[in-house]
J.: 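Here's a structure for you.
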Amino acid sequence: NAGVTQTPKFQVLKTGQSMTLQCAQDMNHNSMYWYRQDPGMGLRLIYYSASEGTTDKGEVPNGYNVSRLNKREFSLRLESAAPSQTSVYFCASSEGGLAGGELFFGEGSRLTVL
Amino acid sequence: QKEVEQDPGPLSVPEGAIVSLNCTYSNSAFQYFMWYRQYSRKGPELLMYTYSSGNKEDGRFTAQVDKSSKYISLFIRDSQPSDSATYLCAMRRNSNYQLIWGAGTKLIIKP
């Protein structure tokens, strides 16, 4: 089982460049999430999509945009990357939304902004 | 002050020891408590899920919630080298579905 697949796994950007992180899940889950993980900070929610066609801001949405392309795919875009966006990004999915159910995570995308 | 505090460690113990991992929190409205395990360069995976107060046991793992002290614990019995990982606590309120995460404790089990 593939579960949650993220691409790319590693990326180095220069300040001001743009990029899109891709995420796909094959568990037929309704809800998908993007988190960032920084040392000493825990996981912080960037955006989430409770169901296909909806997206909502999380705790730290500034500098990011998302697209729920279909039920399987949820992408995260950095329009103009900044060094503060250097982080490990995790995509996750769940069956029942934030209110319930286990979160299933991808393996992460490690982004460095120079 | 963070809503959820967790000692980052590392916590190093010999194989076979009982491990105690803890989180404290400030918001008395938290009702759902979770422990996730994260191996190096992998995503977190759910280990234990508890609602409100009390204990929950699953094999070698026991999750404990003390709402009066705003304190949750994860106990690992007969620890194994394969338990070496970072353990993240997470919690949320009934009315707000956003999970609040601890920073994680790195655990090392020495053979």
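Proteins get letters first, then strands, A, B, ... in listed order; numbering begins at 1 in each. Just so we're clear, the structure is a prediction, and the values are computed from it rather than from any experiment.
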J.: Which region of A:Arg110, side chain (C-beta onward) or backbone (N, CA, C, O), has a non-hydrogen atom less than 4.5 Å from a non-hydrogen atom of chain B, or is it both or neither?
T.: side chain
J.: At a 4.5 Å cut-off on heavy atoms, which part of B:Pro8 comes close to chain A: side chain, backbone, both, or neither?
T.: neither
J.: Inspect the surroundings of NZ in B:Lys67 and state if more than 12 heavy atoms from other residues, nucleotides or ligands are less than 6.0 Å away.
T.: yes
J.: B:Tyr49, A:Phe104: one ILVMFWY side-chain cluster at the under-4.5 Å cut-off?
T.: no
J.: Minimum heavy-atom separation for B:Gly43 and A:Phe90, please, with both atom names.
T.: CA-CE2, 3.5 Å
J.: Ignoring hydrogens, what is the shortest heavy-atom contact between A:Phe10 and B:Arg41? Give both atom names and the distance.
T.: CE2-NH1, 3.8 Å
J.: Take a 6.0 Å sphere around NZ of B:Lys106 and say whether it holds more than 12 heavy atoms from other residues, nucleotides or ligands.
T.: no
J.: To the nearest 0.5 angstrom, please state how far the CD atom of A:Glu102 sits from the CE atom of B:Met34.
T.: 11.0 Å
J.: Would B:Gln38 and A:Leu43 count as a side chain to side chain contact (heavy atoms under 4.5 Å, CB included) if you check the C-alpha gap in whole Å, the side-chain angles of each, and the deciding distance to 0.1 Å?
T.: CA-CA 12 Å; B:Gln38 184 176 21; A:Leu43 286 159; 5.9 Å; no
J.: Starting from A:Phe74, can I reach A:Leu21 by hopping between I/L/V/M/F/W/Y residues whose side chains sit under 4.5 Å apart?
T.: yes
J.: With clusters defined by side-chain heavy atoms of hydrophobic residues (ILVMFWY) lying less than 4.5 Å apart, directly or transitively, does B:Leu74 cluster with B:Ile72?
T.: yes
J.: Please tell me whether A:Phe105 and B:Leu47 are part of a single hydrophobic cluster in this structure, the criterion being side-chain heavy atoms less than 4.5 Å apart.
T.: no
J.: On a heavy-atom basis, which atom in A:Glu107 and which in B:Lys42 lie closest, and how many Å separate them?
T.: OE2-NZ, 2.8 Å
J.: For A:Gln6, is it the side chain, the backbone, both or neither that has a heavy atom under 4.5 Å from a heavy atom of chain B?
T.: neither
J.: Any chance you could measure A:Ser94, atom OG, to B:Leu99, atom CG, to the nearest 0.5 Å?
T.: 9.0 Å
J.: Suppose we screen for salt bridge (charged side-chain N to carboxylate O under 4.0 Å, His left out). Which residues come up paired with B:Glu3, at least two apart in sequence or across chains?
T.: none
J.: Would B:Ile76 end up clustered with B:Leu46 when hydrophobic side chains under 4.5 Å apart are linked, directly or stepwise?
T.: no
J.: Most heavy-atom pairs under 4.5 angstrom with chain A, which of B:Ala103, B:Gly102, B:Ala90?
T.: B:Ala103
J.: I need the minimum non-hydrogen distance between B:Trp101 and A:Leu103, along with the two atoms involved.
T.: CZ2-CD1, 4.0 Å
